Undergrad: 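There's a structure below that I have some questions on.
Only a predicted model underlies this, so the values are computations on that prediction, with no experimental measurement involved. Just the heavy atoms: all of them, side chains too, but no hydrogens, waters or symmetry mates, feed the values below.
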Amino acid sequence: MSVNSDIWVYLETADGKLCNVGIELLGESRILADKSGGRLVAVIIDVNADELASEAIAYGADRVITVTQEQIAAYSTEYFTQALRSLVKKYSPNALIIGATSQGRDLAPRLACRLRTGLTADCTSLDIDDDAIVLWTRPAFGGNIMATNICPDQRPQMGTVRPNVFKKPEKCEGRTGIVTSEQICFEDSDCLIKLEEILGVINSTTNLVEADIIVSGGRGMKNAENFAILERLADAIGGSVGASRAAVDSGWISQSHQVGQTGKTVSPKIYIACGISGAIQHQIGMSSSDVIIAINKDAGAPIFEIADFGIVGDLFEIVPALTDAILLRAEKSRS
Amino acid sequence: MNIIVCVKQVPDTTNIRMDPETHTLVRAGAATTLNPFDKYALETALLLKDTYGGTVTAMTMGPSSAIDVLRECYAVGADRMVLVSDRLFGGSDTYATGYILSQAIGYIGEYDLILCGKQAIDGDTAQVGPQIAEHLGLPQLTYVSEVCSCDQTVTAIRELDCRYEKVSASLPALLTVVKNPHELRLPNVVRRLKANRTEPELIDHEKLCELDLSYIGLKGSPTKVKSIFKPSHRKNTVMIDGSRADIAAQKLLELLETEKKINLSETRL
């Protein structure tokens, strides 16, 4: 079957619901599909997939392909790779886009390799040319350079995009589309992983990768207890708490909060950096935030070079003052 | 227990030079270092060797200058250094790199575990580890923060975006390792001296007789770099006087509203 010009988006799910990253990708992929005259197809692999299909259509998918068999009840690299490979071989889409979450970054390279096709990771913008070649643009070398990749020959052309890079599209409740339920012939494999135990859930307020707002602390926080000041601010504005490497290495906060080159890469709408000098290794992890606010005693801190708003002052006075001002305004607007 | 650690030599500075023709990195001349995530992978391997015995092989694909990172690995305790290098390998994307490394791994002999860092800080793709695993048909455990045990099966803790989980897989397996509390140990003076006097085993395309040349190098890579450009930098920073905290706070909230249409007293909702 020759390749059609359809653009496929894999919609990751968690707790029986569509993850935001997939919905964000539907919006951007709609543009690619329209430009190339292909259809936008969403793929949902989840026991609840059939119930989620209408939501995918409401967000712009022309067609939804679902897989609901018991082998995919929980995520596994091998079965999800088998399922997607099988679907791709059957339908021959032009391109497949996957959210660059920990699941997506585990799945996409394995699948791309099995399909012998090219994969471009962590794209920050997508486009498509007149020959239906996708232009995958991404930062490289820690963000020093932007590179545009193409996969001219192999199909499907594949790429991953991090959460919060694209905005969610409008939802049109009445929109119609085709839903196709597929049965996969799963094969036994030595590559199966056994999930022994779930050890600790990082709840939505600490999932930095998906956060819209992050309040982050660095060396200037001085100790672990002081992070409570940041938690109070984060709480007031619905944000998550992040940290620089210096704070994590000092043992003030756990590794899962680290933002930066050896930590997490985030792109929230708002990033508030408190007592963070902003060394390049930290900037790499947060420079694509929409609005950056920096609070630091040191006027020469590199963080001010990338901030939209900078306050040179004592964070131990400014952060609580900011929190109080916000809570006061919130209360005033309620009464 | 035989462990192979795949490591990479990466640029150390923020001064990057690109070849205008091929749009790939000009590696010669830039200050380099062992990829930070690979240091965690190496320490994980050495800790397993401390517990279970066996050998640790450090392997890298790169130009001849990559021998520096192999020597660094040897100096902290790796037993064997393997340099996978050939003009034909240059310009490989992650698919081609994973393919070449999987062939080299097949060449050097038996192994129980392959460890990689989560990603290289130059390419930032996190793709090569899983792609080596796919080429070799191995189970992959990504985002490993700790290996709990490793006898007939490997049990490890994975650090995902929204949770930690304990998983196990049969051996042989491939793990990609994230930053964790076990920093790379210090080099041993005697081993460092020996490393400087020791040449790595070299694997070029001729040694890999099953290597399909159409899948390697710039030509064999499914992805191509179409163009590169410098990202546009943020415009002017608006500085707010921080000497009076309450005034600074008000000013910030005002500016966020007028300039960015952000109302922080409503974002919680």
Undergrad: Which pair of heavy atoms, one from Arg163(B) and one from Val201(A), lies closest together, and at what distance?
TA: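 Looking at all heavy atoms of both residues, the shortest contact is CB-CA, 4.0 Å.
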Undergrad: Measure distances from Glu317(A) to the heavy atoms of chain B and classify the residue's part below 4.5 Å as side chain, backbone, both or neither.
TA: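 Contact with chain B: backbone and side chain both.
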Undergrad: Roughly how far, to the nearest 0.5 Å, is CE of Met239(B) from CZ of Phe309(A)?
TA: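 Result: 12.0 Å between the selected atoms.
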Undergrad: Please assess Thr125(B) against Thr120(A) for the test side chain to side chain contact (heavy atoms under 4.5 Å, CB included), listing each intermediate value before the final yes or no.
TA: CA-CA 8 Å; Thr125(B) 66; Thr120(A) 300; over 6 Å; no
Undergrad: Please flag which part of Ala236(A) lies under 4.5 Å from any non-hydrogen atom of chain B: side chain, backbone, both or neither.
TA: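 Just its backbone gets close to chain B.
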Undergrad: Measure the spacing between CD of Glu196(A) and OG1 of Thr153(B) and express it to the nearest 0.5 Å.
TA: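 Between Glu196(A) CD and Thr153(B) OG1, I get 7.5 Å after rounding to 0.5 Å.
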Undergrad: Got a second to check how far Gln119(B)'s CD is from Asp122(A)'s CG, nearest 0.5 Å?
TA: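 Separation between the atoms: 7.0 Å.
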Undergrad: Is the shortest side-chain heavy-atom distance between Arg105(A) and Tyr143(B) below 4.5 Å?
TA: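 Yes, their side chains come closer than 4.5 Å.
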Undergrad: Contact part of Ile270(A) toward chain B, heavy-atom cut-off under 4.5 Å: side chain, backbone, both or neither?
TA: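 For Ile270(A), the side chain is the part near chain B, not the backbone.
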Undergrad: Heavy-atom distances under 4.5 Å only: say whether Glu159(B) touches chain A with side chain, backbone, both or neither.
TA: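 Interface part for Glu159(B): side chain.
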Undergrad: Counting only non-hydrogen atoms closer than 4.5 Å, does Ile262(B) touch chain A with its backbone (N, CA, C, O), its side chain (CB onward), both, or neither?
TA: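 For Ile262(B), the contact with chain A is made by the side chain alone.
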Undergrad: Is it the side chain or the backbone of Leu327(A) that comes within 4.5 Å of chain B heavy atoms, both, or neither?
TA: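 Neither part.
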Undergrad: Heavy-atom pairs under 4.5 Å with chain A: which of Ser243(B), Pro222(B), Gly242(B), Ala245(B) has the most?
TA: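 Most heavy-atom pairs under 4.5 Å with chain A: Pro222(B).
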Undergrad: CD of Gln255(A) to CG of Asn180(B): how many Å apart, nearest 0.5 Å?
TA: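 The distance works out to 8.0 Å.
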Undergrad: Only pairs of heavy atoms separated by less than 4.5 Å count here; which of Ser145(B), Gly117(B), Ala133(B) has the most with chain A?
TA: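 Heavy-atom pairs under 4.5 Å are most numerous for Ala133(B).
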Undergrad: Does Asp106(A) form a side-chain hydrogen bond (donor to acceptor under 3.5 Å, both in side chains) with Gln140(B)? I'd like the steps, not just the answer.
TA: CA-CA 9 Å; Asp106(A) 178 85; Gln140(B) 72 188 44; 3.1 Å; yes
Undergrad: Heavy-atom pairs under 4.5 Å with chain A are the metric here; pick the option from Gly98(B), Gly129(B), Pro139(B), Pro130(B) that has the most.
TA: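 Ranked by contacts with chain A, first place is Pro139(B).
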Undergrad: Where on Lys264(A) is there a heavy atom nearer than 4.5 Å to chain B: the side chain, the backbone, both, or neither?
TA: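 Contact with chain B is through the side chain of Lys264(A) alone.
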Undergrad: Please identify, among Asp93(B), Leu141(B), Leu252(B), Val178(B), the residue contributing the most non-hydrogen atom pairs under 4.5 Å to chain A.
TA: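 The answer is Leu252(B).
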Undergrad: Give the minimum heavy-atom separation between Leu264(B) and Ile326(A), together with the two atoms involved.
TA: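 Where Leu264(B) meets Ile326(A) most closely, the heavy atoms are O-CG2, 3.6 Å.
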Undergrad: For the side chain to side chain contact (heavy atoms under 4.5 Å, CB included) test, which of Leu135(A), Thr137(A), Ile150(A), Thr148(A) pairs with Ser227(B)?
TA: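 Only one option passes, and that is Thr148(A).
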Undergrad: Rounded to the nearest 0.5 Å, how far apart are CZ of Arg116(A) and OH of Tyr215(B)?
TA: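 OH of Tyr215(B) is found 4.0 Å from CZ of Arg116(A).
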Undergrad: Would you mind checking which part of Lys251(B) comes under 4.5 Å of any heavy atom in chain A, side chain (CB onward), backbone (N, CA, C, O), both or neither?
TA: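 It is neither, since no heavy atom gets under 4.5 Å.
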Undergrad: Main chain of Lys166(B), side chain of Glu197(A): is a donor-acceptor contact present, judged purely on distance under 3.5 Å?
TA: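 Here the side-chain-to-backbone pair does not exist.
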Undergrad: Taking atom CG of Asp246(B) and atom CG of Asp324(A), what is their separation to the nearest 0.5 Å?
TA: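 So the CG of Asp246(B) and the CG of Asp324(A) are separated by 10.0 Å.
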Undergrad: In terms of heavy-atom proximity below 4.5 Å to chain B, should Ile213(A) be classed as side chain, backbone, both, or neither?
TA: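 Just the side chain, heavy atoms under 4.5 Å.
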Undergrad: Among Thr155(B), Thr94(B), Ile247(B), Leu256(B), which residue has the highest count of heavy-atom pairs closer than 4.5 Å to chain A?
TA: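 Of the candidates given, the most pairs with chain A belong to Leu256(B).
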Undergrad: Sort Thr77(A) into side chain, backbone, both or neither according to what part of it lies under 4.5 angstrom from a heavy atom of chain B.
TA: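 Side chain only.
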Undergrad: So for Glu210(A), is it side chain, backbone, both, or neither that comes closer than 4.5 Å to the heavy atoms of chain B?
TA: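 The answer is neither part of Glu210(A).
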Undergrad: Can you tell me if Ser102(A) uses its side chain to pair, donor with acceptor, with the backbone of Asp161(B) under 3.5 Å?
TA: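 Answer holds: yes.
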Undergrad: Report which part of Asp249(A) has an atom under 4.5 Å of a heavy atom belonging to chain B: side chain, backbone, both, or neither.
TA: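 The side chain, not the backbone.
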Undergrad: Where the side chain of Thr237(B) meets the backbone of Ala307(A), is there a donor-acceptor pair that is under 3.5 Å apart?
TA: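 Here the side-chain-to-backbone pair exists.
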Undergrad: Donor-acceptor pair, distance only, cut-off 3.5 Å: does the side chain of Thr223(B) make one with the backbone of Asn149(A)?
TA: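 No, Thr223(B) side chain to Asn149(A) backbone: no donor-acceptor pair under 3.5 Å.
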Undergrad: How about Arg114(A) and Gln131(B): does a side-chain donor come under 3.5 Å of a side-chain acceptor?
TA: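 No - no donor-acceptor pair under 3.5 Å links their side chains.
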Undergrad: Of the backbone (N, CA, C, O) and the side chain (C-beta and beyond), which part of Arg244(B) lies under 4.5 Å from a heavy atom of chain A, both, or neither?
TA: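 Interface part for Arg244(B): neither.
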Undergrad: Less than 4.0 Å between a side-chain N and a carboxylate O, is that true for Asp290(A) and Lys260(B)?
TA: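 Salt bridge flag = no for Asp290(A) with Lys260(B).
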Undergrad: Please determine whether side chain to side chain contact (heavy atoms under 4.5 Å, CB included) holds for the pair Gln261(A) and Ile121(B), giving the CA-CA distance in whole Å, both sets of side-chain angles, and the decisive distance to 0.1 Å.
TA: CA-CA 7 Å; Gln261(A) 188 182 66; Ile121(B) 58 163; 3.6 Å; yes
Undergrad: Are any of the side-chain nitrogens in Glu257(B) or Arg329(A) under 4.0 Å away from the carboxylate oxygens of its partner?
TA: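 Yes, this pair counts.
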